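Remember, predicted model here, so these are calculated numbers, not experimental data. Residue numbering restarts at 1 for every chain, and letters A, B, ... go by the order of the sequence lines.
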Amino acid sequence: MTQVANLLEGLNPAQREAVETVDGPLLIIAGPGSGKTRVITHRIAYLVQEYGVSPYSILAMTFTNKAAREMTDRLGRLAGPHAGALTVGTFHSFCARLLRIEGDFIGLSRNYSIFDDDDQISAIKQCLGQADYDPKRYPPRAVLSAISRAKNVLQDSQAMARDAAGYYFEEVCARVYRHYEELLARNNAVDFDDLLLRTVQLFREYPVVLQRYQDRYGYLMVDEFQDTNVAQYQLSRQLSQGHQNFCVVGDPDQSIYSWRSADVRNILNFKNDYPRAKVISLGQNYRSTANILNAAKGLIESNGKRLDHQLFTDNSTGQPVRVDEAYDEDEEAGKVIGEIKRLTREESFKLGDCAVMYRVNAQSRAMEEACLQQGVKYRLVGGTRFYQRKEIRDLTAYLRLVYNQQDDQTLARVVSVPPRGLGAKSMQQLGEWATGRGVSTFDAMREITLASRNKQPSPVSLPSRAASSIAKFVDLIERLVAISREAEVVKLIDVLLSESGLQKHIQESDERPEERWENVMDFRGIAQEFNAETPPDGLGSLLERTSLVSQVDDLEDAEDSITLITLHQAKGLEFPVVFIVGMEEGLLPHSRSLDSEEQTEEERRLCYVGMTRAEQRLYLMRAFRRNFRGGSGGPAAASRFLREIPEDLLVPAALSSTAARTVTSPQPGGGSSIRAAALAAASVAPSSGPALKVGDPVRHRAFGDGIVMACEVTASDVEVTVEFAGGVGAKRLLLSFAPLEKLSDSEDPGLGGR
DNA sequence: ACAAACTTGCTTTTT
DNA sequence: GCAAGTTTGT
């Protein structure tokens, strides 16, 4: 009983209610920083301790491995020895394990492969060929993403074809999809989306199996529910059908993955689907200062379609949100890094407290350069993931082939690394022969090997050199398969590395061999964790791990580095100091999301997610000019989001740029102000000089014609930034001194402001 | 098997 | 306008 008291202690009334509500459907709307994970873990512990629910019958699903691990750790501390019996995992890993066990029902044997992105693309290319479509007209990426979208709404190729009627591209995709299904089946493989789709299908077709899982899991919880897609929702519904002990936690305002088929309607319509669902709103924020929270609230309130719920905090007011602008991305980066250095020097922040967030990965380059220049250590989230590195992928490809020889995609990757005299043409011939006879490529190779061992003529006409290469290769793989059945995983890896020539190949490559070999050894270290399992299960688990990890997963705390991260990846994280860079129209909101209101609202949520990551300080930065892909990029207007944040919570920051950038003339006395610019944009004319507003064409005696990019009201004057034509670039000018004259619209110098 | 020349397209990327 | 991918040539 004391333990139970502990579980409720320190919770606010809403949190407590959420923990104590154990039966029936429950929807928890959890605002940012509202102690969501705490509530989930305490609720699980409470179920076990107070209600005597067996931990064995509790299933908790998350989206990231990181979230799953965090939850498991916390539960270990809360529920102690019980924790091990809980099922906590991502949707995908749960399904992957389930299919290992039950896959037979739908024609998947235990050792099935999980196709990664590359496998999928090359498979799609192959299918396009089979269906006789030109990959130029139908880019494999686009076809794959259409198929993926269909899978995420639980459509097989037939259903997709039915829906596609009249839409030519979709029809084509549905036809390719049919070939793709067949290819996956031949390879004894599934792709990411299949993990969910095929599980749902299995449950539909075999109610007995579903029954078993329904009986086992009497309590189901789903985290980040706003990001579930139709397949995930359906799966959850199936599992909780009988008992309806279905608890979902999420925040529609943080739904930022609709482009990955997440369907926010799952959470918005939850009450319709479960009329007797209890709804609890966690509104108290424990993370951010009041100023930061209110600024974020102000922004998100501009979204039309919203489930209203009250956010508040007892935290201190804190400092206003600081806003600053720069000439271009380099100056912006210089200012950010300069300010971070100041924060560590003059205040008590550490580098590890600071994060810089951006909309697109390309923005990291300027930040990295500024870090290098100013000697600030950084960690870049994203980049090539560990398991995506070439050397690791080559190694895992071998392991996958050893685990499942039906997997032609993997075979194709492995066969010429290192080169062993089996070129594209031999493989092509071999592949055709194999498909013609309805066997896998490896089986075909095996037959050829057998024939040559028995001194029989090769069943296919191949160069004799190729035939002997094939025999050697088959030999190698079969030896490895034998080892995989009796030895531990690391032993298999060691033999593989030396016997396949992969070790030599990596160590003698010209691209940083030491580093690459180190990665291989790191991988070997990871593999050690799976040594204990009886062969070949250890191999299976290792492969599952390699297919299902993300970039944020292995993000470790680094005290002495700042973090560079996209806004998407930042979801779920928090930092004392946050900079959001690139607050410009066309970037945030991104130009590709401006054509629909829904998409623009998602951009707003993305910005909201970023802002609510900040605990103490929040900076919003923008640049006038940004070099997109080398292109001039054109002058960019301030993001509408800046205007939507309540004015009184913002303050111009006037950060100094340590990185020298000579375009700007020395700034007299004062802060530049985005707010003022916005006011000016709204045609509030400055009190002196010609009335200028953003977008006006002007003429300068020395610089020629240009366009007003911004007006900033300083203490005593108005400072305008003008983008001049003819390679002159942007200048900041004081209106009272500068010989500027306003041109009428007909004299527009044609710079084309937005 | 690699390099040079060309084409293309250009958000985000939990698993 | 560039980087990445594809095609073509040696």
Legend entry - ring-ring contact (aromatic ring centres under 6.0 Å, His included) partners of A/F473, counting only residues at least two apart: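 Not a single residue meets the ring-ring contact (aromatic ring centres under 6.0 Å, His included) criterion with A/F473.
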Inset, instruction - Check every strand shown and say whether A/E603 touches a base, only sugar-phosphate, or nothing at a heavy-atom separation below 4.0 Å. - result: base
Inset, instruction - Walk me through it: do A/R393 and A/D118 pass the test salt bridge (Lys or Arg N to Asp or Glu O under 4.0 Å)? - result: CA-CA 10 Å; A/R393 297 212 44 209; A/D118 281 9; 2.5 Å; yes
Legend entry - Cationic tip of A/R100 above A/Y112 ring, under 6.0 Å, 45° of axis: yes
Legend entry - Along DNA chain B (nearest heavy atom to each residue), the more 5'-positioned of A/P139 and A/Y257: A/P139
Inset, instruction - Would you mind telling me which residue lines up with the more 5' stretch of DNA chain B, A/R359 or A/D193, judged by nearest nucleotide? - result: A/R359
Counting side-chain heavy atoms from C-beta on, which of [options] comes nearest to [X]?
X: A/S593; options: B/dT11, B/dT12, B/dT14; value: B/dT11
X: A/V360; options: B/dT14, B/dT13, B/dT11; value: B/dT11
X: A/R592; options: B/dT11, B/dT14, C/dT6; value: B/dT11

Who pairs with [X] by salt bridge (Lys or Arg N to Asp or Glu O under 4.0 Å), at least two apart in sequence or on another chain?
X: A/R110; answer: none
X: A/E601; answer: none
X: A/R74; answer: none
X: A/R605; answer: A/E602

Inset, instruction - Could you list all the salt bridge (Lys or Arg N to Asp or Glu O under 4.0 Å) pairs where at least one residue sits in residues 587-600 of chain A, not counting sequence neighbours? - result: A/K305-A/E598
Inset, instruction - Could you measure between the two P atoms, the one in B/dT12 and the one in C/dG5, and give it in whole Å? - result: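 Approximately 14 Å lies between the P atom of B/dT12 and that of C/dG5.
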Report the distance from atom [atom1] of [X] to atom [atom2] of [N], rounded to the nearest whole Å.
X: A/I565; N: B/dT14; atom1: CD1; atom2: P; value: 10 Å
X: A/L573; N: B/dT14; atom1: CG; atom2: P; value: 12 Å
X: A/Q232; N: B/dT14; atom1: CD; atom2: C1'; value: 9 Å
X: A/Q254; N: B/dT14; atom1: CD; atom2: P; value: 17 Å
X: A/Q226; N: B/dT14; atom1: CD; atom2: P; value: 15 Å
X: A/R365; N: B/dT11; atom1: CZ; atom2: P; value: 16 Å
X: A/I580; N: B/dT12; atom1: CD1; atom2: P; value: 17 Å
X: A/F192; N: B/dT14; atom1: CZ; atom2: C1'; value: 10 Å

Legend entry - In B/dT12, glycosidic geometry as syn within 90° of 0 or anti otherwise: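 Anti conformation here, the glycosidic angle of B/dT12 being more than 90° from 0.
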Inset, instruction - State the dot-bracket string of DNA chain C. Criteria: Watson-Crick or G-U wobble, both atom distances under 3.5 angstrom; notation: ( ) intrastrand, [ ] crossing earlier pairs, | interstrand, . unpaired. - result: ||||||||||
Legend entry - With sequence neighbours excluded, residues passing side chain to side chain donor-acceptor pair (under 3.5 Å) with A/E391: A/R516, A/N519
Compare side-chain N and O positions of [X] against OP1 and OP2 of [N] and report whether any pair is under 4.0 Å apart.
X: A/N361; N: B/dT11; answer: no
X: A/Q569; N: B/dT13; answer: yes
X: A/K125; N: C/dT6; answer: yes

Inset, instruction - Give me the residues of residues 110-118 of chain A where at least one heavy atom lies under 4.0 Å from an atom of DNA chain B, by number, or none. - result: none
Legend entry - Ring centroids of A/W259 and B/dT12 base under 5.5 Å with planes under 30°: yes
Legend entry - Under 5.5 Å and under 30°: A/H590 stacked on B/dT11: yes
Inset, instruction - Measure centre to centre between the rings of A/F225 and A/F63, then say whether the value is under 6.0 Å. - result: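 Centroid distance A/F225-A/F63: not below 6.0 Å, so no.
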Inset, instruction - Apply salt bridge (Lys or Arg N to Asp or Glu O under 4.0 Å) to A/E329 and A/R625, showing your working. - result: CA-CA 7 Å; A/E329 55 204 345; A/R625 199 165 242 293; over 6 Å; no
